[in-house]
Amino acid sequence: MNFVNLNGKLFTANEPMLLASNRSYRYGDGLFETLKVVDGVIPFSVYHFERLLNSCLLLQFNLPTLLTVEVLQQQILDLCKKNNCIHLGRVRLSLFRGNGGLYDGDKTTQYVLEAWPLSKSLCQWNVNGLVTDVYMDARKACDTFSHLKSSSCIAYNVAAQYAKAHQLNDCFVLNSKGNIADSTIANVFILKADEVITPPLSEGCVDGVMRRHVIHTLLQNGYQVKQMPITIDFLKSADEVFVTNAIKGLQWVGQCGDVRYPYHEIEKIYHQFFKL
């Protein structure tokens with residue numbers, strides 16, 4: 001039986017817990033973190049919790065005094081043990097600003113922890129390459145909040161539905177300028193000549209934990225990493241393309257629309273720096 005943690009208390013996963021007046025449900029007034037647990041350790045935990053606390057500050061979420069990073073980390077590991085995924089698990093930490101209307105109600109920040117076993121195959125080099133396309137019918141804003149992992153993610157949702165309906169592994173999401181922001185579940189990197197290029201946060205992409213780790217690791221190892229806007233044409237003219245997130249790490253994109261990409265340099269990067 002799977003369990004969830006609501007504000008420090010365990011419930012069975014099929015047990016009703018949240019009210020219809022939940023502000024995350026009503027207004028998208030929430031944040032979330034997706035974390036991996038490997039042998040009782042949360043990789044990049046410093047990055048995850050730094051991003052979470054900065055996001056709470058930006059959105060003026062007031063965390064309960066006793067809800068410290070240390071408490072959250074311990075509750076995450078306890079839940080993974082309870083759900084038999086302490087050796088390899090996926091965890092979602094959701095925060096929301098209480099219940100009620102826009103101008104009334106209880107604004108106390110609450111949280112939910114969920115944890116599931118994770119297949120090791122999802123974290124390994126994807127030999128077949130992702131089949132993707134660009135989703136044209138939504139635009140993501142480029143503003144103060146666009147880099148957050150917020151509950152307001154309709155552009156990603158409709159792009160994911162499009163990908164599923166067209167037998168794609170993922171879709172790239174555009175920003176308000178018509179440039180590539182990121183994909184439905186990952187940050188985007190392209191290789192062009194001798195440079196590794198990814199959109200800056202000003203282009204509306206999520207401030208990904210694995211994105212941050214990849215940029216730092218490649219710079220430390222002599223790669224030229226540039227943050228600059230990526231147009232659709234520039235994406236399709238890339239030498240190679242990969243995407244990153246905290247669960248699957250680094251994945252090779254084998255195709256975008258009718259354009260196919262090789263993986264020569266990406267595979268070397270993966271096995272040298274990012275193999276699980």
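What you are looking at is a predicted structure, and each value in this text was computed from that prediction instead of being measured.
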Exercise. Look at atom CG of Leu66 and say whether more than 12 heavy atoms of other residues, nucleotides or ligands are closer to it than 6.0 Å.
Key: no
Sorted by chain and residue number, the salt bridge (Lys or Arg N to Asp or Glu O under 4.0 Å) partners of Arg211 (sequence neighbours excluded) come out as none
Less than 3.5 Å apart, any donor N or O on the side chain of Asn62 or Thr109 sitting next to an acceptor on the other? no
For this session: Classify the side-chain pair Glu15/Thr12 by whether it contains a donor and acceptor separated by less than 3.5 Å.
Result: yes
When you measure from the side chain of Thr198 to the backbone of Val188, do you find a donor-acceptor pair of N or O atoms at a distance under 3.5 Å? yes
Q.
I'd like to know whether NZ of Lys164 has more than 12 heavy-atom contacts from other residues, nucleotides or ligands below 6.0 angstrom.
A. no
_Ring centroids only, cut at 6.0 angstrom: are Trp125 and Tyr270 within range, meaning strictly under it?_
yes
For the pair Asn221 (side chain) and Thr217 (backbone), establish whether a donor and an acceptor sit closer than 3.5 Å, ignoring hydrogens and angles. yes
field: Electrostatic pair Arg90-Glu114, nearest N-O below 4.0 angstrom
entry: no
Inset, instruction - Flag the pair Arg212 and Glu50 as a salt bridge only when some basic side-chain nitrogen lies within less than 4.0 angstrom of an acidic carboxylate oxygen. - result: yes
**Asked** Distance only, no hydrogens: is a donor on one side chain within 3.5 Å (strictly under) of an acceptor on the other, for Thr231 and Asn179?
**Response** no
- Item | Side-chain donor-acceptor pair present, Ser21, Arg23, cut-off under 3.5 Å | no
Residues 71-88 vs salt bridge (Lys or Arg N to Asp or Glu O under 4.0 Å), sequence neighbours excluded, gives none
*asked:* Please check this pair: side chain of Asp182 against backbone of Ala186, looking for a donor-acceptor N/O pair closer than 3.5 Å.
replied: no
Taken in chain and number order and not counting sequence neighbours, the residues that satisfy side-chain hydrogen bond (donor to acceptor under 3.5 Å, both in side chains) with His87 are Asp39
Verify the distance criterion only: is there a donor paired with an acceptor across the side chains of Asn126 and Gln251 at less than 3.5 Å? no
Q. Looking only at atom types and distance, does a side-chain atom of Asn169 sit under 3.5 Å from a main-chain N or O of Val131, one as donor and one as acceptor?
A. yes
side-chain hydrogen bond (donor to acceptor under 3.5 Å, both in side chains) filter on Asp106, not counting sequence neighbours, yields Thr108
Grouping ILVMFWY residues whenever side-chain heavy atoms fall under 4.5 Å, the cluster of Val173 otherwise contains Tyr156, Val206
Go through the steps for Phe44 and His213 under the test ring-ring contact (aromatic ring centres under 6.0 Å, His included), then give the verdict. CA-CA 8 Å; Phe44 315 118; His213 175 61; 4.4 Å; yes
Taken in chain and number order and not counting sequence neighbours, the residues that satisfy side-chain hydrogen bond (donor to acceptor under 3.5 Å, both in side chains) with Arg51 are Glu33
Checklist line | More than 12 heavy atoms of other groups within 6.0 Å of Tyr25 OH | finding: no
### Query
Is any NZ, NE, NH1 or NH2 atom of the basic residue among Lys268 and Glu265 found under 4.0 Å from an Asp or Glu carboxylate oxygen of the other?
yes
Could you check whether any side-chain N or O of Glu240 sits under 3.5 Å from a backbone N or O of Ile266, counting only pairs where one atom can act as donor and the other as acceptor? yes
